[in-house]
Amino acid sequence: AMLGRAALLIGVTAAACGAMNVIGFPFAAVIMSTVAAYCFGASARTALLIAIAQAAFWSILFIYGLGTYLPTGTLFMRG
């Protein structure tokens with residue numbers, strides 16, 4: 001069971017990182033954090049709430065605290 005959860009987490013992390021330029025950092029972070037929290041025993045609802053808080057925290061830290069660029073995703077760009 002633990003090996004399966006580890007494989008799932010690795011696969012989802014790789015997929016979300018690969019899709020980050022399309023879906024953006026916040027959504028990629030939510031996906032990865034939701035799966036990680038769920039794999040470590042959080043309920044689906046709690047995992048999603050934790051993931052949203054994590055994505056917001058890391059986005060604010062990187063953008064405003066460190067002045068670092070994070071991809072916003074081409075999926076949401078207009079024009």
Side-chain angles (χ1 to χ4, degrees):
M2 182 66 132
L3 186 58
R5 285 183 283 183
L8 173 66
L9 189 54
I10 291 168
V12 167
T13 300
C17 286
M20 194 177 299
N21 284 332
V22 176
I23 64 174
F25 176 83
F27 285 109
V30 166
I31 291 167
M32 291 183 288
S33 297
T34 300
V35 173
Y38 188 74
C39 284
F40 283 98
S43 69
R45 181 177 183 268
T46 302
L48 182 60
L49 292 174
I50 289 168
I52 291 168
Q54 283 285 323
F57 171 78
W58 290 114
S59 294
I60 290 166
L61 177 70
F62 280 109
I63 294 169
Y64 300 108
L66 301 174
T68 305
Y69 165 79
L70 292 175
T72 54
T74 57
L75 185 65
F76 306 106
M77 294 180 130
R78 296 178 191 225

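Everything numeric here is computed off the predicted structure, so don't read it as measured data.
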Query - Connected via hydrophobic side-chain network under 4.5 Å: Phe40 and Val35 - result: yes
Report task. May I ask you to test the Leu48-Val30 pair for a side-chain heavy-atom distance under 4.5 Å? Result -> yes
Query raised in the report: Has Tyr69 got more than 12 heavy atoms of other residues, nucleotides or ligands less than 6.0 Å from its OH?
Result: yes
Requested in this report: Determine, using the 4.5 Å side-chain heavy-atom cutoff (strictly less than), whether Tyr64 and Phe25 are members of one ILVMFWY cluster.
Outcome: yes
Query raised in the report: Residues in side-chain hydrogen bond (donor to acceptor under 3.5 Å, both in side chains) with Thr72, at least two apart?
Result: none
Requested in this report: Output the distance between atom CG (Leu70) and atom CG (Leu61), rounded to the nearest 0.5 Å.
Outcome: 9.5 Å
Query - For Phe27, all residues meeting ring-ring contact (aromatic ring centres under 6.0 Å, His included), sequence neighbours excluded - result: Phe76
Query raised in the report: Shortest non-hydrogen contact from Pro26 to Ala55?
Result: O-CB, 3.7 Å
Report summary line: In this structure, OH of Tyr38 is separated from CZ of Arg5 (nearest 0.5 Å) by 10.0 Å
Report task. Take atom CG of Leu66 as the centre, draw a 6.0 Å sphere, and report whether it contains more than 12 heavy atoms from other residues, nucleotides or ligands. Result -> yes
Query raised in the report: Is it true that Ile10 and Val12 fall in one hydrophobic cluster, defined by side-chain heavy atoms closer than 4.5 Å?
Result: no
Query - Nearest-0.5 Å distance that lies between atom CG in Leu75 and atom CG in Asn21 - result: 12.0 Å
Query raised in the report: Between Met32 and Thr13, what is the shortest heavy-atom contact and its length?
Result: SD-CG2, 3.7 Å
Report summary line: Taken to the nearest 0.5 Å, the spacing of Leu49 CG from Thr34 OG1 works out to 9.0 Å
